[in-house]
Amino acid sequence: MSESDTEGLGAGGRSSVERLNALSGDEAFARLLECCGSTRWAQSMVVRRPFADERHLIEVAERIWWGLTSDDWLEAFHAHPKIGEARPARETGEGAQRWAEEEQAAARAAASATLDALASANQSYEQRFGHIFIVCATGKSSEEMLETLRRRLSNDPGTELCVAAEQQRRITLLRLRKLLTSDK
């Protein structure tokens, strides 16, 4: 990542990371929870402020994510709508909802047969693993997501939990970058 990728300027010439650092604890928690639906992750991020720059923010975010428990991961998963659906099981804010809609745009535009297949595969996945299917959907077609979902159904539960956690990590990093570039 180049230096220009890691240092965005926000309102008033303050870096985007400085703006995040300057938020109250409650405001920072709410914004970070929109990036990752794990309350423990968001709380841990808040107390580790200030971040020196975007690279430091990302390093801390990843370190915290991989130090969480499977229950924390599952909490984060449930803050996402199922692929092809509009609402998550648990709300985590306006930003998270908007980002999920953007991330899943291809699934919403899918043919009805693909949407039906996604709904059926989502149900099979949830029955097998006990949590929703998580995939970093940005840039993926609905057919690609369906193929990925079907392929991952053959994983054992422990492997799949780790695969899903990696997908959540990718989503979180994308959303952190979106948070840093937003005007809020």
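Owing to the predicted nature of the structure, the values given are computational and were not obtained by experimental measurement.
Among residues two or more places apart in sequence or in another chain, the ring-ring contact (aromatic ring centres under 6.0 Å, His included) test is passed with W73 by W65, W66. Under the ring-ring contact (aromatic ring centres under 6.0 Å, His included) criterion, F29 pairs with no residue, sequence neighbours left out.
Heavy atoms only, all atoms of each residue included: H56 and P50 are closest at CE1-O, 3.9 Å. Contact between L173 and A61 at its shortest, heavy atoms only, is CD2-CB, 4.5 Å. Across every non-hydrogen atom of I132 and P81, the tightest pair is CD1-O, 4.1 Å. Looking at every heavy atom in both residues, S38 comes nearest to E75 through CA-OE1, 3.6 Å. Across all non-hydrogen atoms, the minimal contact from A117 to R150 is CB-NH2, 3.6 Å. Heavy-atom minimum distance, P157 versus R128: CD-NH2, 4.4 Å.
Looking at T138 and I171, their side chains never come closer than 4.5 Å, going by heavy atoms from C-beta outward. Counting heavy atoms from C-beta outward, T69 and L74 have side chains that stay 4.5 Å or more apart. Side-chain contact between R177 and I58 is present, with at least one heavy-atom pair separated by less than 4.5 Å. With a 4.5 Å cut-off on side-chain heavy atoms, L115 and S142 do not count as touching.
A distance-only check finds no donor-acceptor pair linking the side chain of E126 to the backbone of H131 [under 3.5 Å].
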For this session: Report the C-alpha separation of E160 and R152 in whole Å, then their side-chain angles, then the decisive distance to 0.1 Å, and conclude whether the salt bridge (charged side-chain N to carboxylate O under 4.0 Å, His left out) test is met.
Result: CA-CA 7 Å; E160 183 53 28; R152 285 173 46 190; 2.5 Å; yes
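Taking CD of E27 as the reference point, atom CZ of R31 lies at 9.5 Å (rounded to 0.5 Å). Rounding to the nearest 0.5 Å gives a distance of 8.5 Å between CG of D53 and CG of L57. Considering CD of E147 and OG of S141, their distance stands at 8.5 Å, rounded to 0.5 Å. Taking CD1 from I134 and OH from Y125, the interatomic distance works out to 7.5 Å, rounded to the nearest 0.5 Å. In this structure, L180 CG and R175 CZ are separated by 14.5 Å, a value rounded to the nearest 0.5 Å. A distance of 12.0 Å separates CZ in F51 from OG in S16, rounded to the nearest 0.5 Å.
No continuous path of hydrophobic side-chain contacts links V163 to M145 [ILVMFWY only; heavy atoms under 4.5 Å].
Of the residues listed (L20, D26, N21), the one engaging L23 in a side chain to side chain contact (heavy atoms under 4.5 Å, CB included) is L20, and it is the only one. With M45 as the fixed residue, the side chain to side chain contact (heavy atoms under 4.5 Å, CB included) test singles out one of I64, T172, L33: I64.
Ion pairing of R170 with E166 is present here, as a side-chain N (NZ or NE/NH1/NH2) and a carboxylate O approach within less than 4.0 Å.
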